[in-house]
Amino acid sequence: MSHGAGGKATQTLIEAVFLDAFRNPLLEPLEDAALFSVAGPRVALTTDSYVVSPLFFPGGNIGDLAVNGTVNDLSVSGATPLYLTAGFILEEGFPVADLTRVVSSMQEAAVAAGVSIVTGDTKVVQRGKADGCYINTAGVGVLLGDISLSVACAQPGDAIIVSGPIGDHGITIMLARGELDIEADIISDTAPLNGLVASLLAAVPGVRAMRDATRGGVATILNEIAKAADVGVLASEDDIPVRDEVRGASELLGIDPMYVACEGRLVAVVPGESAEAAVRAMRGHPLGAGAAVIGEVVADQPGIVRLKTAFGGTRIVDLLVGDPLPRIC
Amino acid sequence: MAIRVEGIVQGVGFRPFVYSLATRLGLAGLVGNDVDGVFAEAEGPPAAVREFLGALQRDAPPLARVERVTATAKAPIGTATFAIVASDPAGRRSTLIAADTATCADCLRELAHPADRRFQYPFINCTNCGPRFTIIRDVPYDRPLTTMAGFPMCDPCAAEYHDPGNRRFHAQPTCCPACGPRLTLLDRTGKPLSDPALDEAAALLRRGAIVAVKGLGGYHLAADATCEPAVAALRARKHRADKPFAVMTSDLAAVAQLCRVSAAEAALLTSQARPVVLLTRLPGAAVASSAAPGNRQLGVMLPYTPLHHMLLAAASRPLVLTSGNVSDEPIAYRDEDALERLGEIADAFVVHDRAIHIRTDDSVARAFAGRPMLVRRSRGYVPEPMTVRGGFARPVLACGAELKNTFCLAKDRYAFVSHHIGDLENAETLRSFAEGIAHFSRLFDIAPQVVAHDLHPEYLSTKYAVELDGVDLVGVQHHHAHIASCLADNGADGPVIGVAFDGTGYGTDGTIWGGEFLIADVAGFARGGHLATVRMPGGAAAIRQPWRMAAAHLHEAGLDVAGLGVVRRNAARWDAIVSMVRRQVNAPLTSSAGRLFDAIAAILDVRDEISYEGQAAIELEQRADPAEGGAYRAGIESGAPFRANGSDLIAAAVGDLMAGVPTELIAARFHHGMAILILDGCVLLRERHGLNTVALSGGVFQNLLLLGSTVTRLEAHGFTVLTHSRVPCNDAGISLGQAVVAAAGQRG
Ligand SMILES: [Fe+3]
Ligand SMILES: [Mg+2]
Ligand SMILES: [Zn+2]
Ligand SMILES: [Zn+2]
């Protein structure tokens with residue numbers, strides 16, 4: 001297979017697979033760059049690379065993951081996502097049928113998010129040099145008004161909200177590898193969050209910050225808040241939504257859902273008095289139906305995230321430095 | 001002559017002792033406290049001065065520990081009298097501070113004497129007894145720098161305090177009913193109930209109520225130890241499933257009605273430190289079964305404050321006296337906090353208005369081979385320093401482990417190991433860790449330049465260390481720290497064969513160690529051998545659920561196990577856990593000895609899940625028939641490092657179990673098998689390295705059946721064996737080991 005060398009074969013691949021799927025006026029000329037003008041005064045730009053094993057898993061595949069991930073990075077920064085790029089690194093011998101499936105999922109995700117994939121790139125590497133398919137997406141969005149979000153703005157008294165049950169994606173991936181004798185009825189939460197973010201911002205203009213809880217999970221985001229704003233974070237174990245199936249599988253695996261990646265969940269910091277309105281607005285959107293206040297920003301013990309446990313204890317939820325090896329004796 | 005006395009010489013009646021000594025010898029001069037200890041000047045006939053100097057060390061008061069007396073010549077100034085002068089708070093501090101000490105016999109006599117003005121006064125104390133460490137805010141040790149600052153002495157107390165001939169001369173916490181702290185009984189909402197508080201509290205206890213009692217280092221929760229419903233209610237409200245409660249009895253005779261007490265154990269029980277002593281319960285002892293469920297042992301302590309003496313007398317029965325907390329929280333010691341946190345547990349509160357400055361848990365000890373063996377070194381022992389051979393060229397802070405944390409600050413010859421801090425993952429505990437370090441730094445004037453820490457990157461103590469600026473960091477391997485701690489406990493430097501058997505510790509190869517044979521001295525170590533590694537399916541979950549370790553070990557041993565109870569009980573999850581082992585998903589490798597004990601405990605149907613650290617191994621030890629001498633044999637693969645096959649012990653145990661051998665015999669044979677495994681490893685290393693001394697450390701050696709069997713076998717083969725006595729073999733001893741290793745590294 002010589003797709004990706006830049007010659008005729010690549011041309012065919014692009015036209016057969018990508019153009020067909022992503023067809024839109026900006027992409028169609030197939031020029032070196034997509035040209036467009038942006039409406040707002042400020043532009044947001046982000047990029048992310050997607051590597052996941054397995055490539056296809058319950059609830060999605062690497063394609064929608066790559067679109068949703070970049071849409072979400074733009075969304076939680078307060079931007080309205082507009083255009084995406086897509087770069088593919090394909091392992092020689094990767095079935096075209098699989099690629100077609102990936103690409104059509106990307107297009108469906110783009111349509112769902114209201115964005116267009118306007119330029120792209122493909123490279124094919126030797127067999128064994130890649131794990132089937134890697135995707136990089138970049139995205140551009142516009143910031144409306146003078147919105148400015150940052151976790152460094154968190155203040156004591158603020159509420160911390162999560163948009164739905166956590167840990168679905170990461171546990172789904174672990175089980176989808178098929179190595180374990182563990183059955184669980186779980187699917188990935190991969191989804192575009194721009195619609196949910198728009199509902200939230202419309203209802204609560206004073207939102208301080210949002211983060212999508214990807215690698216490192218909600219625990220990592222809470223730590224980012226505590227460190228960036230030099231505040232304490234006090235969350236409550238009982239208030240953190242986790243599906244029973246996810247909790248069961250996590251217990252079996254010995255993994256704390258707080259550290260497990262989500263791909264369609266955000267954490268929002270809002271002023272305490274807006275907490276109720278924020279939860280109401282999020283619950284009004286299908287992707288925020290399980291939204292809940294999980295904790296608060298406090299002045300005490302700045303830089304540290306504490307979790308109130310079911311028995312009234314308070315345990316520290318720290319950033320993980322590496323693989324979580326047991327600390328208990 | 002100008003004289004300086006260093007050591008524990010403040011708050012122990014040292015100045016009145018010097019005064020009466022000088023007066024008796026007809027010497028003139030003065031004596032006083034400063035931040036370095038006691039200073040004195042003496043003039044008179046040379047022979048009398050010589051006698052004076054000798055007696056300072058020889059005849060010092062009971063609580064004093066004289067480390068050094070230095071005398072320099074000084075021109076006589078011709079005074080005629082000997083005087084006690086005011087404290088001098090200036091300059092460098094290196095005073096030693098005494099630990100809290102149980103009420104002395106003189107004070108007890110006064111407490112019981114109706115004509116005494118302190119009759120039945122629950123805060124009676126003198127220079128020979130009473131609170132010290134727990135009430136000291138700063139040095140020098142003087143009343144204004146203690147939590148007694150708010151209690152100005154009445155005239156009679158002040159007269160005693162200033163009378164060099166009185167037992168209360170310069171007793172900083174001295175007080176009486178007229179001027180000192182008062183007891184109050186509160187209901188669970190904080191409303192005052194009645195007076196006299198202790199009589200009513202005792203009446204409540206006798207009716208089965210739970211009463212929170214403010215003690216010396218924190219709040220206890222008390223219940224009638226003979227009343228099963230009361231103790232069971234305490235368990236339920238505290239959310240403490242199985243972990244044994246300590247019991248306090250009025251005196252030694254009352255202990256003997258509950259437990260077997262050896263001479264060494266009696267000495268521990270009645271020592272000034274008054275630790276909880278783990279004793280073997282007598283069959284049919286009148287103690288509620290939920291005080292220490294499934295346990296042949298009972299932790300017992302004797303009263304150590306006048307309040308406890310009075311409460312026990314009024315209740316006229318043994319009381320459960322357990323730390324005032326919910327599940328694994330640190331013990332409550334501030335009044336508002338106690339009311340808030342214990343309000344759901346206690347029916348009433350016995351409180352008083354003398355603040356506790358430093359939360360200090362009860363110490364726990366047992367006797368091994370006639371020697372004390374501390375399991376938790378805290379109230380009554382802390383902050384007395386360990387004197388360390390070789391000393392500390394630069395001031396050291398050692399941050400300790402994650403669980404059962406203690407820290408250690410060290411300089412000159414002294415290592416100050418802290419009180420029990422606890423499990424750092426708890427937010428309140430982490431706070432007291434940082435505050436405790438600051439407090440010790442101030443009290444003992446130690447500004448650390450070298451900071452030692454564990455190699456585990458996720459230990460909160462490690463993270464604390466690496467965030468410090470302007471210090472030299474020294475990472476110390478966990479099991480090396482265990483062995484160095486044992487060396488320091490024995491005043492030795494090595495090299496030795498160090499056998500460090502515990503639950504988990506981070507190894508230099510990134511795997512989890514815990515069944516280690518080290519060739520070690522205080523400066524360094526090499527791994528001479530270890531238990532063969534197995535997977536821990538689920539990481540920390542495999543520690544909480546010993547049946548997972550059974551699955552891992554049985555898989556490793558390749559045993560067909562379908563008939564075992566542990567497999568049947570966990571059938572729904574067994575294949576999932578085995579698949580995690582096979583596919584190495586969240587299943588780190590470990591050479592842990594503790595996990596091997598866990599596996600056997602689950603296989604012998606002793607326990608599948610634990611509710612406190614070490615529970616499975618503790619219950620396995622109790623299961624073992626003490627009369628059984630048989631042993632399983634484990635093979636050793638003699639590489640360097642060698643690998644000892646714990647799975648051989650598993651296979652032998654499973655074989656016996658299938659053959660219908662009682663689990664009591666299997667448990668005993670496993671213990672002796674471990675002891676022989678240790679002996680075989682040590683013999684191999686003696687051949688390789690020519691070392692004849694073995695140091696035993698790590699929490700696994702809290703198991704006295706294993707320890708006894710191991711020591712006996714090693715000694716029979718000509719080894720000299722070092723075991724722990726003054727510092728726990730568990731992770732509470734890690735900080736001392738780290739400090740010693742860091743100091744040895746500094747010496748190069
Ligand atoms: Fe250890
Ligand atoms: Mg991203
Ligand atoms: Zn006394
Ligand atoms: Zn008085």
Next on the checklist: Less than 3.5 Å apart, any donor N or O on the side chain of His724(B) or Ser697(B) sitting next to an acceptor on the other?
Outcome noted: yes

Checklist entry - So Arg211(A) and Glu224(A), salt bridge (Lys or Arg N to Asp or Glu O under 4.0 Å) or not? Walk me through it. => result CA-CA 10 Å; Arg211(A) 283 278 165 98; Glu224(A) 286 167 359; 2.4 Å; yes

Item to check | Centroid-centroid under 6.0 Å between Phe433(B) and Tyr464(B) rings | outcome: yes

Item to check | Straight-line distance of Glu428(B) CD to Arg359(B) CZ, nearest 0.5 Å | outcome: 5.5 Å

Checklist entry - When only pairs under 4.5 Å are counted, which of Ile316(A), Ile182(A), Ile255(A), Leu307(A) shares the most heavy-atom pairs with chain B? => result Ile316(A)

Item to check | Pair Glu613(B) + Lys243(B), salt bridge at N-O below 4.0 Å | outcome: no

Next on the checklist: Taking the basic N atoms (NZ, or NE/NH1/NH2) and the acidic carboxylate oxygens, is any pair closer than 4.0 Å for Lys404(B) and Asp423(B)?
Outcome noted: no

Checklist entry - Is chain A contacted by the side chain of Glu329(B), its backbone, both, or neither, given a heavy-atom distance below 4.5 Å? => result side chain

Item to check | Partner chain A: residue of Met536(B), Met580(B), Arg431(B) with the largest heavy-atom pair count (under 4.5 Å) | outcome: Arg431(B)

Next on the checklist: For Leu319(A), which atoms come within 4.5 Å of any heavy atom of chain B: side chain, backbone, both, or neither?
Outcome noted: backbone

Checklist entry - Relative to chain A, which of Pro537(B), Gly594(B), Ser579(B) shows the most heavy atom pairs under 4.5 Å? => result Ser579(B)

Next on the checklist: What part of Arg315(A) gets within 4.5 angstrom of chain B, counting heavy atoms only: side chain, backbone, both, or neither?
Outcome noted: both

Checklist outcome for this item: Scored by heavy-atom pairs under 4.5 Å with chain A, the best of Asn325(B), Ile512(B), Val578(B) is Ile512(B)

Checklist entry - If you measure only the distance, is there a donor-acceptor pair under 3.5 Å linking the side chains of Thr462(B) and Asp454(B)? => result no

Item to check | Contact class of Glu251(A) relative to chain B, heavy atoms under 4.5 angstrom | outcome: backbone

Next on the checklist: Counting only non-hydrogen atoms closer than 4.5 Å, does Leu424(B) touch chain A with its backbone (N, CA, C, O), its side chain (CB onward), both, or neither?
Outcome noted: backbone

Next on the checklist: At a 4.5 Å cut-off on heavy atoms, which part of Arg341(B) comes close to chain A: side chain, backbone, both, or neither?
Outcome noted: neither

Checklist entry - Checking heavy atoms, do the side chain of Glu179(A), its backbone, both or neither come under 4.5 Å from chain B? => result both

Checklist entry - Any idea which heavy atoms bring Ser188(A) and His169(A) closest together, and the distance? => result OG-ND1, 2.7 Å

Checklist entry - For the ring pair His479(B) and Phe501(B), is the centre-to-centre distance below 6.0 Å? => result no

Checklist outcome for this item: Bottom line for Leu252(A): the part with an atom under 4.5 Å from chain B's heavy atoms is both

Item to check | Asp300(A), part contacting chain B, at a heavy-atom distance under 4.5 Å | outcome: side chain

